[in-house]
Amino acid sequence: MRRHRPAQGSTLLLPLALWIFCHVNGARGALPTTQKCDEALASPLPHTAFTSSSVFSSGYTPGYAKLNRRGGAGGWSPLDSDHYQWLQVDLGSRKQISAIATQGRYSSSDWMTRYRLLYSDTGRNWKPYHQDGNIWAFSGNSNSESAVRHELQQGIVAHFLRFVPLDWSKEGRIGLRIEVYGCSYWADVINFDGQGVISYRFKVKKMKIIKDVIALRFKTSESEGVILHGEGQQGDYITLELRKAKLLLQINLGSNQYGSILGHTSVTTGSLLDDNHWHSVVIERYRRNVNFTLDRHTQHFRTNGEFDHLDLDYELSFGGMPYSGKPLGGGRKNFKGCMESINYNGDNITDLARRKKLDTSSFRNLSFSCVETHTFPVFFNATSFLQLPGRASHNTLSVGFQFRTWNPDGLLLFSNLDDGTLEISLEDGKVVVHINVSTASRNARVDLVSGSGLNDGQWHAMRLVTKENFAMLTIDGDEASAVRSTSPLTITTGGTYHLGGKLLQMHPSKHRSFQGCMQAILVDDQPADLHAVEKGTVGAFENVSLDMCAIIDRCMPNHCEHGGRCKQTWDSFSCTCEGRGYTGATCHTSIYEPSCEAYKHLGRSSDTYWIDPDGSGPLGPFKVNCNMTEDKVWTTVMNNLPPKTAVTGSSKERRTVLQVNYSASMDQVTAITTSAEYCEQQIAYSCQKSRLLNTPDGTPYTWWVGRGPGIQKCACGIDRNCTDPKYDCNCDADHSQWREDSGLLVYKEHLPVSQVAVGDTNRPGSLAKLTVGPLRCQGDNNYWNAASFTTPSSYLHFATFQGETSADISFYFKTSAPYGVFLENLGNTDFIRLELKSPHVVSFSFDVGNGPVELTVHSATPLNDDQWHRVMAERNVKEAVLQLDQTYRASQLAPAQGHTRLELFSQLYVGAAGGQRGFLGCIRALRMNGITLDLEERAKVTPGVKPGCQGHCTSFGMYCRNGGKCVEKYNGYSCDCTDTAYNGPFCTRDVGGFFEAGTLVKYNFMPEAFAGASRDSKVVTLQLTPHEVNLTKEEVAFSFSTSSAPAILMYVSSKTQDYLAVVLRHNGSVQVRYNLGGLKEPFTIDVDQRNLANGQPHSINILQIRHEKYILKLDHYPPISYTLPEASDTQFNQVKTLFLGKVYETGHVDQELIERYNTPGFVGCLSRVQFNGVAPLKSPDRQPAAASPASYQGKLVESNCGASPLTIPPMSAATDPWHLDNTDAEFPFNEERVIPDGVNRDSAIIGGIIAVVIFTILCTLVFLIRYMFRHKGTYHTNEAKGSGESAGESADTAIIGTDNPETIDESKKEWFI
C-alpha cells in the first residue's frame, strides 16, 4: 500500500486552550532580571541542531536555515512542497522564547507565506502555539530577503521548536531561514511518583495567616491528584487538586454559624490539564479576597463565611494529603507528574527540598528531573484516517484504545472481516459496536452499546474482545459497563484496521469521521508501533498528526455569560440562554428593559415586570411593580415583613432584630435607588409602653438599618408636634395607650430598610407592632441622561472602553443632520465606531486585528427627522450585531480563526471622530457594557455640548403663554392649553362667547350633579376632586364687555348658603359679593364706581391668599387688597355650581341679589373665564353634552370679545439649537428647500425691487396716518396721565378712547410690519 506522509502540524484548524507562561515571583524559574529576554538563540547553534521532514538536496539542508546567512543554497527547502513538511530546532535546553523571525531562501523565489509553530520539552508530544484561543497561524514572507518578526503574546518555554509551513510562494517552493529570540530558563523540578509528599512544616505549631501567595507550575498525564493541602483543627483548610483534568481550589476560613459548613468555598478553573504540558498556577489571598490564576486566566472571588484568617496546624503538604494515619477522604489520589518553581509566601519549596530542608521521607526515589511518559497521541481531523495491520484469518479479535473528543458522533474504527464487517462508532456520546457476519447459511448481526456522555473531552478507554460465540465491550475498564453478546457468533479477522475514518474507495458509512485524539492503541493484543507508522514502514495514514493531541476546550474560559450553559463540538461552541433572562450568541444582552420608565415609553400599562437596571452587567433581572397611572412612574419593590408585625420580649440588652428581605438583592435595589429621581419608604411603629429612641444614656431602644445612618428623630420630633413635647417621638412618652410614630424615609442613599432592631417590649404591658412599607422610587435618571451637540466639532470624552471579548452599546439619538459619528474608540490598529453615515444608514464598524468589519442597517424612513431612534450594537467572540429601532437588524459571524480581543487605548469619544464628521443633535441613555455614561455631567464642562437634550421646549417653551404647557414632540413641539382659558397654537386665543338675554352657562362641581354622564368618561377629570369641594382659596379671572346693566357676570353657589358673586350694578360698576358664613350680611367689595358697561373690554382678576386676604385687579390698574372681617368664615363650603350670565339655581341662593341683578340677564361678551383652574367656556364646545360638567341655555355665539391676539416673532438664529452659524458644515438641514444658485440670484434681484417699492408706499402711509391723528394721540397721552380730573375718570377715558385695549410696545410693532 502507498505510504502516506506524516502530518505533524498538518492543517490544524482548531483553536486550543491557552498555554501561557506566568510571570510571577518564583514561578518562572531563573530568568534574567536585569536584561531584556531578546537574545538570538538559533544562530549560535550547530548544524546538527536543525532537522527537517525532508531535504531537496545537499545544499538545502536544515543547518543552512539561519537568518541572514547565505551558506549552502541560502536556506532550507524540503523535497516536496506540501503540508507535511517541517523544520525542527533543538535549542540545547529549555529556553524562554519571546519572538520568532522568518526569511525566504536567499536570492530565490522560495519562501513561506503562512506557518504554524509547535513546541516541546522532549521532541515528542508536540503542542501548537496558541493565541486568542486558536492554534495560531503566523503571517510569513512576501519575498526572499525581508525578515518578518513576530512577538509572542503568550511567552513559551521549550527545548524544541518546529516550524510547519501552511502556504508558500506561488512562483517557487518552500524556502526558509529562521531566528528564535529569548533567553535562558532554569527551574528546580521535582518528580512526584504518586506516593511521595513534600511536607512544609511551619515554624510555629499553629499559623494564623491573613495573606497567602502560592505559585507553582505542573504537568501531568493524570486527570486526578491533590497538588497541595493544609488544614487546621478549627476546621479551616485549603486544597488545590486536579479533578477530571480541571483545577479545583477549596478553601474555608470558618464561619460563625453552623461551624465551618457555611465557610466552604469551591472554585474550578481550567480544563484538559492532563495533556502532559506545563501549566502555571498562582493563588493570591488577602483576607477573604482571592485571585485564582491558571495560565494567566484569573478568577476573582470572595470566600464564604465571616473570618479573614486561615488557621493551619503544623504543615502544608505538596503532592498529596499528609500522612496522618487517616485514610484519604473522598478517594483522593496523590499527584503524579512534575512540579517546578513551587513558592509559598516567599519560600522556594523546590529549592528547600533539594537542600533537604523539608521532609521528603515518603518518596521511594526522589528525583529532581521530570520523568516523561511514553504516550504517543494521534490527532484526527475531519479528513483523517490511520491504517494499522493486525492478525489475519483468525477467529479471535481484540482491539482497544483511549480516545477523547467533543463530538457526540464519529466513526472510531472500521475493519473488513473475511466474512463481514466490524464497525465501532460513537453515537450520541455512547460507544456502539456493529458486527455483521454473512455466510452461505445465514446472516448474523451483533450490536453492543455501552457508556454515556463520552464526548466530554476526557480520556476514555474502549476495549472490544470477540471469540467464538462471544463478544464483550468494556468502557473505562469498568466491569459494570461490560456488555456481552447473547447470540452465537463466529468471525474471521481480515487483518487490517482503519481508525478515525476510512479510505474513500470503501463503501460509504452513515457515520462522520472521528475528530479527536487517540492513544494507547492495541490491535490484537499488541501495542501499535506508531513510531514505525511515522517512519512509513508500517501501515498508512492521511491528514493525521502524530505525537500530538490538538484538542481544545472551547468552553474554558466560558464565553457564555450570565450563567448561560456552554455546549461544544470539535469545531465550535454554543450557549444555551433559556431561563436566564439574556439572549445573543453569548447570553450577553438582557431581554428586559432597565426600568419601569422604559416600559412606560413602550406603551405598557401598570403591571409587574422584570427589569434589568444594568443590562449586560453582573446584576441579574428581577421583578418589580410598575405604577404608570401618574405623570411620574413609580417602581415598587416589596418586602417580606407583614404589616403590624408584633414584637415582644425584647430588651435593650437583647434586642429583637427583624430582617427585612426584599424581592430583589441589595445590589439590585441599590441600582434602582441610584438611578431614581426620588425614593421613599413608609415605616410605622405602633407602641404601648414601648419606647423608641430616647433612653437615659442616649442609646436608642429601637432603630432601623439601611445603607447609611438614620436621624434619631421621629416625624413628630421634626415637626415639633409630639404627644409629649419633651420627647422627639410619640412612643418615647411611654404611655399605656396605643401611640404611633410613622413617616416617610426619603433619603434614597440610605434606603431601603434592611433591619429593624426593637429593644423595649419586655416590660409588663409593653407591646409593639412594626410596619415597613415597600420601597417606592420614581423616575429613572439613566433613561433620560442626555447631551446635545450643537457644533460639528464638539464631543465628549470618557475613559477607554473595556470590551475586549464582549461589548454592547445602546443609546437613543435624534437629529436633523444627515450624518455624524455617534462614538469612537481607537487602539493601535483596533477600533470601534458607531456612525450615522447617511439619512437612512447607521453603521457599526470595528477591527480586532483581522481587518475592518462594517455592519450597516438601512432604514426605510429618514433618520434625521428629529425623532428619537434607538441603536443597539454588540460584538463578541461569536458574532457582531447591529439593531435599529428594534426593526432593522444586521449580523455577521466572527471568523473561525483569528484575533478575538478588542484592544483599545485612546479615550472614548462621543459625538465625533477626532473632530471630523461630528454629530449634531441629542444622544440619550448611552449604555456600554451595562454602565450608563453620565453625559449630562460631562457636558456641563464641555464647550459646544449642553447637558440634557436641548429640544424644542427648552428653546420655545417661553412661547406657550397663559399657563400653557410645552409638549415635546419628535418633529416639533406643541402647547397644551387644556388647563387654560385660551386656545390657539400658543395658548393666546381667547375662549369666549357672546351672550344674548337669558343665555347662561352652568358648570357643575359636585360629582352627583351630572349622574347621567358616563361613569367611564374621562371628562370627569375636569371636576374638582372631592377634597377640593370645600375651598380655602379662590382664583377668578375673566374678561367682559357689555353696554347694558345690571347683570350677574359670575355666580358660584354651594349646598350651603355660601356663595361668590361678581355683578354689574345698575350704574355699570362692578361689585364682588362673598357669603362664607359668620356674618349677618354678605361681604361686598365695590371694585370701582366707574361705569364699565361702556361696550369696551374689561378684565377682572381675584386671588385669595393667606385665607382671609383677597387681591383684586381691574384692567391695568394697580391691584388692591381686601380683608374679610374677623367674624367671617374663611372656607367656601361644598361648592356646587358656577353660573355665567344668569343664575338658574334651585338650591340656596341670595334672593335679593337674584331679584336685583338676574333679570333680564347678561347681554354681551365673556371670555378668558377661569375659576380655580376650570375654564367653563371651553367645555360646552369641546365635550359631548352627556359627558360634560358644563352646559348652557339660550344662544351662545363663540367670540373673543375683541381682544387682540399676541404675535409670536420668528425664531432667531441664536435660539435655534441646530443653527450652523460659523461652522464648516457642508449640508442644508432641509434639502428639499434648497434653491439652485441661478434661481436664487434672480429671485433676490426681483424681490429687492418689489421690497423697495412697498417700503416707500408704507412709509408714506404711516407718515400720513400719524399726521392725521396726531391731536388724538396727544389727547390720549395727556388724559392717561391725568391733570385736573380724577385719576379714575382720566384712565377710564383713555381706555374707552383706545381702539386696542392691549398696549403694544415698539418691539411688537416691528413684528406687525
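Between V1052 and F1132 the shortest side-chain heavy-atom distance falls below 4.5 Å. Side-chain contact check for N1158 versus K1142: some heavy-atom pair is nearer than 4.5 Å. For the pair Y1051 and L1138, the minimum side-chain heavy-atom distance is 4.5 Å or more. K965 has its side chain out of reach of C977: every pair of non-hydrogen atoms, C-beta onward, lies at least 4.5 Å apart. Between F1040 and V1169 the shortest side-chain heavy-atom distance does not fall below 4.5 Å. Within the 4.5 Å cutoff, the side chain of V1001 has no heavy atoms near those of the L1166 side chain. Side chains of V1070 and V1062 form a contact here, defined as non-hydrogen atoms less than 4.5 Å apart. Considering only heavy atoms from C-beta on, V1036 comes within 4.5 Å of M1050 through its side chain.
No salt bridge links D865 with K814; every basic N to acidic carboxylate O contact stays at or beyond 4.0 Å.
A1093 approaches N1091 most closely through the heavy-atom pair N-OD1, 3.0 Å. Closest approach of T980 to K1178, counting heavy atoms only: O-CD, 3.0 Å. Residues N625 and C596 share a closest heavy-atom pair of O-SG, 4.1 Å. Closest approach of N1094 and S1043 over heavy atoms only: C-OG, 4.4 Å. Across every non-hydrogen atom of G948 and S788, the tightest pair is O-OG, 2.8 Å. Residues S1044 and L1064 come closest through the heavy atom pair O-CD2, 3.8 Å.
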Task: Verdict with reasoning, F1083 to R1073, per side chain to side chain contact (heavy atoms under 4.5 Å, CB included) - done: CA-CA 6 Å; F1083 176 70; R1073 299 170 67 90; over 6 Å; no
Open item on the list: Between Y1059 and H1148, is the ring-ring contact (aromatic ring centres under 6.0 Å, His included) condition met? List the steps.
Closed with: CA-CA 9 Å; Y1059 72 88; H1148 299 284; over 10 Å; no
Open item on the list: Determine whether R1168 and F1038 satisfy the following criterion, side chain to side chain contact (heavy atoms under 4.5 Å, CB included), listing intermediate values before the conclusion.
Closed with: CA-CA 5 Å; R1168 306 180 188 175; F1038 63 91; 5.5 Å; no
- [ ] Please test F1005 against K1136 for side chain to side chain contact (heavy atoms under 4.5 Å, CB included), starting from the C-alpha separation and ending with a verdict.
- [x] CA-CA 5 Å; F1005 292 108; K1136 180 182 178 184; over 6 Å; no
Task: I1048 vs F1139, side chain to side chain contact (heavy atoms under 4.5 Å, CB included): CA-CA, chis, key distance, verdict - done: CA-CA 9 Å; I1048 295 179; F1139 293 90; over 6 Å; no
- [ ] Might you work through the side chain to side chain donor-acceptor pair (under 3.5 Å) test for Y678 and E680, ending with a clear yes or no?
- [x] CA-CA 7 Å; Y678 167 83; E680 66 180 29; 2.7 Å; yes
- [ ] Would you sort out whether D1086 and Q1071 count as a side chain to side chain donor-acceptor pair (under 3.5 Å), showing the intermediate values?
- [x] CA-CA 5 Å; D1086 293 323; Q1071 185 181 73; 2.8 Å; yes
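Among residues two or more places apart in sequence or in another chain, the side chain to side chain contact (heavy atoms under 4.5 Å, CB included) test is passed with I1120 by Y1122. Partners of Y1074 under the ring pair (Phe, Tyr, Trp, His ring centres under 6.0 Å) rule, at least two apart in sequence or in another chain, are Y1110. For F995, the ring pair (Phe, Tyr, Trp, His ring centres under 6.0 Å) partners two or more places apart in sequence, or in a different chain, are F1162.
Not less than 6.0 angstrom separates the ring centroid of H601 from the ring centroid of W868.
Judged purely by atom type and a 3.5 angstrom limit, Q1134 has no side-chain atom pairing as donor or acceptor with the backbone of D1058. Put simply, the side chain of S1128 never gets that close to the backbone of P1125: no donor and acceptor are under 3.5 Å apart. Panel note: side chain S606, backbone M628; a donor-acceptor pair is recorded below 3.5 Å. Looking at T1137, its side chain never comes within 3.5 Å of a backbone N or O of S1053 through a donor-acceptor pair. Remark: the backbone N or O of T978 is paired with a side-chain donor or acceptor of D976 at under 3.5 angstrom. The backbone N or O of P1189 lies less than 3.5 Å from no partner atom in the side chain of K1002, so there is not a single donor-acceptor pair. No donor-acceptor distance shorter than 3.5 angstrom exists from the side chain of T999 to the backbone of Y1192, with no hydrogens or angles considered. For N1075 (side chain) and Q1057 (main-chain N/O), a donor-acceptor pair under 3.5 Å exists by modelled atom type. With hydrogens and angles ignored, the 3.5 Å screen pairs a side-chain donor or acceptor of D1115 with a backbone N or O of S1099.
For the atom pair CG (L1114) and CG (N1101), the distance works out to 9.5 Å, reported to the nearest 0.5 Å. Distance check, rounded to the nearest 0.5 Å: CG of L1076 to CG of L1060 gives 8.5 Å. We find the OG-CG distance between S1191 and N1004 to be 6.5 Å, quoted to the nearest 0.5 Å. Note: S1199 OG to F994 CZ = 8.0 Å, rounded to the nearest 0.5 Å. S605 contributes atom OG, which lies 10.5 Å from atom CG of N627 (distance to the nearest 0.5 angstrom). A distance of 8.0 Å separates OG1 of T1084 from CZ of R1065, quoted to the nearest 0.5 Å.
With L1103 as the fixed residue, the side-chain contact (heavy atoms from CB on, under 4.5 Å) test singles out one of K1113, E1034, E1035: E1035.
Heavy atoms of other residues, nucleotides or ligands lying less than 6.0 angstrom from OH of Y1144 number 12 at most.
Judged by a 6.0 Å distance limit and a 45° cone about the ring axis, R924 is positioned over the six-membered ring of Y783.
A donor and an acceptor atom, one from each side chain of Q1131 and D1129, are nowhere located under 3.5 Å apart.
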